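Written out below as structure tokens is the structure these notes cover.
Values in this document were obtained by computation on a predicted structure and should not be read as measured data.
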Amino acid sequence: MAQLRIALAQTNPTVGDLAANADQLVAWTRDAAERGAHLVVFTEMFLTGYPVEDLVLRTSFVDASIRTLEEVARRLELEGLGDLPVVAGYVDRAGLAPRVGQPKGAPLDAAALLYKGEVVTRTAKHHLPNYGVFDEYRYFVRGDRLPIFRLHGVDVAIAVCEDLWQEGGPVSVVGQAGAGLLVVPNASPYEKEKDDVRLELCRRRAREAGCALVYVNQVGGQDELVFDGDSIVVDGSGELVARAGQFREELLVVDLDDLPVSDAEPGTYPHDAGDDSTITVERLVLSEQPVAPYPAEPAGIAERLDLHAEVYSALVLAVRDYVRKNGFQSIILALSGGIDSALTATIASDAIGPSRVHVVLMPSRYSSEHSVTDAEELVRRQGVNAQMVPIADVVDAFEKEIELSGLAAENLQARVRGMILMGLSNQHGHLVLTTGNKSELATGYSTLYGDSAGGFAPIKDVPKTMVWALSRWRNAHADPQFLLTAERPIPENSITKEPSAELRPDQRDTDSLPPYEVLDRLLDDYVEKDMGSQELIAAGHDPELVTRMIRLVDLAEYKRRQYPPGPKITPKNFGRDRRLPITNRWRETTTG
């Protein structure tokens, strides 16, 4: 039996920044070498970032990915790191003739083994996900090879992300081929309440393959997606050996003992993949001699976060990376004294620090006194930059020139506020954050070119009831990754008072919506679970409410299409997950 020390590089690449990602690869590999690792495993498509979407349809981008891979292999050798094998993800190209229905240029979601200045072997994802946020049949063709390389006597196989999630394919072939270790680069997005499915998946696949399994996952925000890391190592029986933290970069170094020493002959061999396909196993040898026995370092098993800590950490990371990766220096948002803007401001302060957060208080003729004082109290607690811009006179100026009443007059106030925020954004280069929650977006309770105007929407996938829960959680918890140090940063009155848009006298959300506890349960069944009207009624929802809320949700699709991007934290967000036609005459009915 043999030992190996594996370094899991749980990293945060930037899509399209191949040079910076290559620099990271070298830096993390150097760190792994200093810690005595025998193998470093990076994440899926690390060199290009993930997901790259239509960039893979450009020949220039795929060429740059391949070129960067070869350059970084040579660079590792030149910098004295060539003897440490590195597995890294990138975009490759299949040697296929163009054909109808195949992505332009036949790109591959690939992984390569770098060693002694060379790209020693390459592989590609076999199973291409085409559900939820994934659309990989549009971009990639399937791989058909499984490399197994011998490292210090141990046969190590490489599979890519979705190949672990589907039955058959490379994992079944790993078991047939008798590999001693399976390493899997991943870019698996976060969503709440997954019930730790990754660990159970790794345990099942390790037992199926009959070997230890190393699952390395990306971390960071990328537009609507958030990747939470949570990399995992299990042994051949499925027992958890090591686990990285969530929502943070980390080099997790793990010693694996009792790995089998192989004597299989190098070469290429076809194997039945168990899914009506054949996979060619490519065996090669890097080193035959097992390493001399050495004292193993204790494996770290990071504690998983609870639900509210997970969701809040995801939102903070999403905002931080959207700001950083898009080159913004500061954030601006409207602060009303209500809970949505209070939570959004707190997320922003935790993400980039309160000194870089700007809030604008814009009271109207209908704003209550407590709205202003609650907003001012949050400014005092958090130390954000604030200015007061009363909008009554601006609204009056509009109304002198154009006669508006009812909803149109209410929306004018929201649009004046949006115009002020966008003007300050243009003047100072701030990123405008919108403050709408998922319940409001679902039912159309947002104003186009008003409160929907902005560049990023931190809580657009957070139902109203969770907005309150996250606010209470944040007031009771802090984290070293949060940059806001104030205790209880959200005023209690913002959490406990009855919600209101304050666009007309004595307005309350419950004037036109049911209590949010009732509404959010209905929206979860209709939006997340895709229940029809009769299913909703059978599930216990009030028939009259079902009819009214379905109508609101369906009619608001055009608004949601024009809302800024925001982080996905539920199984079905408005955006990449839920795609419905705007022009649509289908209506659910409550009768058979």
Side-chain angles (χ1 to χ4, degrees), residues 191-193 195 307-308 311 338-340 343 406-407 410-411 414 435-448 451-452 457 459-472 495-561 563 566 568-575 577-592:
E191 62 186 44
K192 70 183 181 72
E193 297 176 336
D195 295 326
L307 172 62
H308 296 125
V311 171
I339 191 58
D340 295 322
L343 179 62
L407 186 60
E410 292 181 27
N411 287 343
T435 61
N437 62 65
K438 190 171 190 175
S439 307
E440 292 173 348
L441 265 67
T443 52
Y445 277 65
S446 63
T447 302
L448 281 181
D451 57 314
S452 67
I459 62 171
K460 72 175 287 188
D461 200 31
V462 182
K464 184 76 170 190
T465 49
M466 180 160 277
V467 169
W468 279 310
L470 292 177
S471 299
R472 295 187 184 96
I495 298 174
T496 58
K497 68 184 176 184
E498 189 174 357
S500 169
E502 295 191 332
L503 296 176
R504 63 174 183 264
D506 300 319
Q507 185 179 26
R508 297 290 182 269
D509 287 9
T510 50
D511 294 344
S512 49
L513 293 175
Y516 282 108
E517 293 79 7
V518 174
L519 176 63
D520 284 354
R521 286 195 296 271
L522 174 56
L523 292 176
D524 182 72
D525 284 344
Y526 185 53
V527 174
E528 308 281 337
K529 299 183 177 67
D530 281 317
M531 288 186 181
S533 57
Q534 295 184 56
E535 292 174 284
L536 293 169
I537 294 168
H541 299 288
D542 177 74
E544 183 181 346
L545 183 63
V546 167
T547 300
R548 188 158 61 93
M549 289 303 108
I550 283 180
R551 181 178 181 277
L552 289 178
V553 173
D554 290 354
L555 291 178
E557 187 62 34
Y558 76 101
K559 288 187 179 183
R560 290 189 288 271
R561 291 284 187 94
Y563 208 79
K568 165 185 162 64
I569 59 102
T570 67
K572 183 167 285 190
N573 74 327
F574 292 126
D577 274 324
R578 190 175 189 267
R579 309 176 196 181
L580 292 176
I582 296 173
T583 306
N584 173 20
R585 296 294 292 272
W586 170 257
R587 293 293 179 264
E588 292 284 338
T589 62
T590 55
T591 58

Quiz prompt | Closest heavy-atom pair and its distance - Tyr445, Asp451 | solution = O-OD2, 4.2 Å
Quiz item: Can you tell if the side chain of Ser452 reaches within under 4.5 Å of the side chain of Lys559, non-hydrogen atoms only?
Solution: no
Quiz item: Taking the side chain as C-beta and beyond, is there a heavy-atom pair between Lys529 and Glu535 under 4.5 Å?
Solution: no
Self-check item: Shortest non-hydrogen contact from Glu588 toward Gly532
Solution: OE1-CA, 3.5 Å
Quiz item: Taking side chain as C-beta onward, heavy atoms only, is Val546 less than 4.5 Å from Tyr526?
Solution: no
Exercise. Compare every heavy atom of Lys568 with every heavy atom of Asn573, then report the nearest pair and how far apart it is.
Key: ND2-CB, 3.7 Å
Quiz item: When you measure from the side chain of Arg560 to the backbone N and O of Gly575, does any donor-acceptor pair fall under 3.5 Å?
Solution: no
Exercise. Report the distance from atom CD of Glu440 to atom CD1 of Ile459, rounding to the nearest 0.5 Å.
Key: 7.5 Å
Quiz prompt | Heavy-atom closest contact (Ala556 atom, Gly444 atom, distance) | solution = CB-CA, 3.5 Å
Self-check item: Any side-chain heavy-atom pair of Trp586 and Asp554 under 4.5 Å
Solution: no
Quiz item: Would you say the side chain of His541 lies within less than 4.5 Å of the side chain of Asp525, judging by non-hydrogen atoms?
Solution: yes
Quiz item: Should Ile339 and Lys464 count as side-chain neighbours, where that means a heavy-atom distance under 4.5 Å?
Solution: yes
Quiz item: Roughly how far apart are Tyr558 OH and Leu580 CG, rounded to 0.5 Å?
Solution: 16.0 Å
Practice problem: Working to the nearest 0.5 Å, report the span between CG of Leu536 and CZ of Arg521. | Solution: 13.0 Å
Quiz item: Any side-chain donor-acceptor pair under 3.5 Å between Thr570 and Lys438?
Solution: yes
Exercise. For the residue pair Asn411 and Thr447, confirm or rule out a side-chain donor-acceptor distance under 3.5 Å.
Key: yes
Quiz item: Is Leu523 close to Val553 at the side-chain level, that is, under 4.5 Å between some pair of heavy atoms?
Solution: yes
Self-check item: Minimum heavy-atom distance Gly566-Lys460, with the two atoms named
Solution: N-CD, 3.3 Å
Self-check item: Spacing of OG1 belonging to Thr547 relative to CE belonging to Met549, to within rounding of 0.5 Å
Solution: 10.0 Å
Practice problem: Give the minimum heavy-atom separation between Arg548 and Pro514, together with the two atoms involved. | Solution: NH2-CD, 4.4 Å
Quiz item: Heavy-atom count around Arg578 CZ within 6.0 Å, excluding the residue itself: above 12?
Solution: yes
Self-check item: Reported CG-to-CG distance for the pair Leu545 and Leu522, which is rounded to 0.5 angstrom
Solution: 5.5 Å
Practice problem: Would you mind reporting whether Leu555 and Arg587 have side-chain heavy atoms less than 4.5 Å apart? | Solution: yes
Quiz item: Rounded to the nearest 0.5 Å, what separation is found between the OG1 atom of Thr465 and the CG atom of Asp524?
Solution: 9.0 Å
